[in-house]
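Numbers here are sequence positions counted from 1.
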Amino acid sequence: AEIGPSVVVTWMSFEPTGTAGERSTDGPLCNLDYMERYQAHLTRSLPPDLNELTRFFAAPARLKTLASILSKHFTGSGRRVLNAGCGPFATELFVSALQNQEIESFDYTSGFAPLHAIFQNDGMIAGTKFQIADALSVEYRENLFDLMIIHDVFYETGLPMDALLRRFRP
């Protein structure tokens, strides 16, 4: 069953499971046959301070909770999704429910920006737009999104989550 406008906030610890070359087309995760190439792109393109997180970013286990929730509660296609603090686009690439959606992604870390063009050139995230932005200052029109995702967001300082959720709520 589909639920109305949604906000999904999840936190997963790092548990490296899944195998490069594993393929899933109808489960909550997809494009797992791309995982090895994804990891190689991260290794080549991320700056040294982010490169040490490649193993974490490329771990399917950290996406499974979000993907499972969305597979049950976010159906259809062409829906507007905001991915706040997107990181290196694993959510956009590997979560089945987000395929065929219109995704606006942002992160304040400029080191992720080159990856957006790489994954678009590979034909993996065609429906995704990206900008470098801070969650406290980025502006979007009210009621623009059907879903807002905040997944595995790391910040040096705490974010006022109540204010952010009110501001971006679908």
Side-chain angles (χ1 to χ4, degrees), residues 5-16 28-31 34-35 38-39 41-43 45-71 73-74 79-99 101-120 124-170:
S6 311
V7 174
V8 177
V9 180
T10 66
W11 178 264
M12 283 293 295
S13 61
F14 171 59
E15 296 175 27
L29 294 176
C30 63
N31 300 320
Y34 185 77
M35 186 62 75
Y38 173 77
Q39 192 166 0
H41 282 315
L42 296 184
T43 300
S45 302
L46 287 175
D49 61 322
L50 294 173
N51 203 296
E52 64 191 35
L53 295 171
T54 293
R55 195 164 160 236
F56 169 79
F57 291 135
R62 73 179 193 86
L63 298 171
K64 283 184 181 175
T65 298
L66 173 65
S68 294
I69 290 168
L70 291 179
S71 72
H73 301 290
F74 191 71
R79 298 179 74 189
R80 303 275 312 186
V81 177
L82 176 64
N83 188 3
C86 64
F89 310 101
T91 302
E92 294 84 343
L93 284 161
F94 302 112
V95 175
S96 295
L98 297 179
Q99 305 307 300
Q101 308 299 348
E102 297 177 32
I103 304 172
E104 297 265 348
S105 300
F106 72 85
D107 202 295
Y108 74 25
T109 305
S110 62
F112 298 132
L115 291 165
H116 185 259
I118 290 169
F119 300 139
Q120 281 201 322
M124 299 304 294
I125 56 172
T128 301
K129 296 177 184 173
F130 172 72
Q131 68 175 312
I132 299 168
D134 184 306
L136 298 175
S137 60
V138 68
E139 295 289 331
Y140 290 102
R141 189 178 83 240
E142 199 171 312
N143 298 316
L144 180 61
F145 300 103
D146 299 304
L147 173 72
M148 176 185 169
I149 298 171
I150 302 172
H151 182 256
D152 284 343
V153 176
F154 301 123
Y155 282 88
E156 291 80 29
T157 59
L159 287 172
M161 290 305 291
D162 287 344
L164 285 176
L165 294 177
R166 278 192 305 275
R167 189 167 153 224
F168 293 125
R169 76 177 178 272

Tell me the closest heavy-atom pair linking [X] and [Y], and the distance in Å.
X      : Y      : answer
Gln99  : Val95  : NE2-O, 3.1 Å
Ser68  : Pro28  : N-CB, 3.7 Å
Leu46  : Gly111 : CD2-O, 3.8 Å
Ser110 : Pro114 : O-CD, 3.7 Å
Thr128 : Ser105 : CG2-OG, 3.6 Å
Pro88  : Leu42  : CB-CD2, 3.6 Å

Original post:
Stepwise, does the side-chain contact (heavy atoms from CB on, under 4.5 Å) test hold for Tyr108 with Val138?
Top reply: CA-CA 10 Å; Tyr108 74 25; Val138 68; over 6 Å; no
So how far is it from [X] [atom1] to [Y] [atom2], rounded to the nearest 0.5 Å?
X      : Y      : atom1 : atom2 : value
Ser45  : Leu50  : OG    : CG    : 11.5 Å
Phe94  : Lys64  : CZ    : NZ    : 13.0 Å
Ile118 : His116 : CD1   : NE2   : 11.5 Å
Thr65  : Leu63  : OG1   : CG    : 9.5 Å
Asn143 : Arg80  : CG    : CZ    : 12.5 Å
Leu93  : Leu29  : CG    : CG    : 11.5 Å

Minimum side-chain heavy-atom gap [X]-[Y] below 4.5 Å:
X      : Y      : value
Thr91  : Ile103 : no
Leu144 : Leu82  : no
Phe74  : Ile69  : no

Subject >> Phe57 ring center within less than 6.0 Å of Phe112 ring center >> reply: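 Close enough - the centres of the two rings lie under 6.0 Å apart.
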**OP:** Test Asn83 against every option in His151, Glu92, Gln101 by the side chain to side chain donor-acceptor pair (under 3.5 Å) rule and name the one that passes.
**Re:**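 The option that passes is Glu92.
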**OP:** Over 60° means perpendicular and under 30° means parallel, so classify the ring planes of His41 and Tyr34, tilted if in between.
**Re:**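 Tyr34 vs His41 ring planes: tilted.
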Subject >> Backbone of Phe56 reached by a side-chain donor or acceptor of Arg62 within 3.5 Å >> reply: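 Yes, because the side chain of Arg62 sits within donor-acceptor range (under 3.5 Å) of the backbone of Phe56.
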Original post:
Are Phe119 and Phe130 close enough, and set up right, to give a side-chain contact (heavy atoms from CB on, under 4.5 Å), and what steps lead you there?
Top reply: CA-CA 12 Å; Phe119 300 139; Phe130 172 72; over 6 Å; no
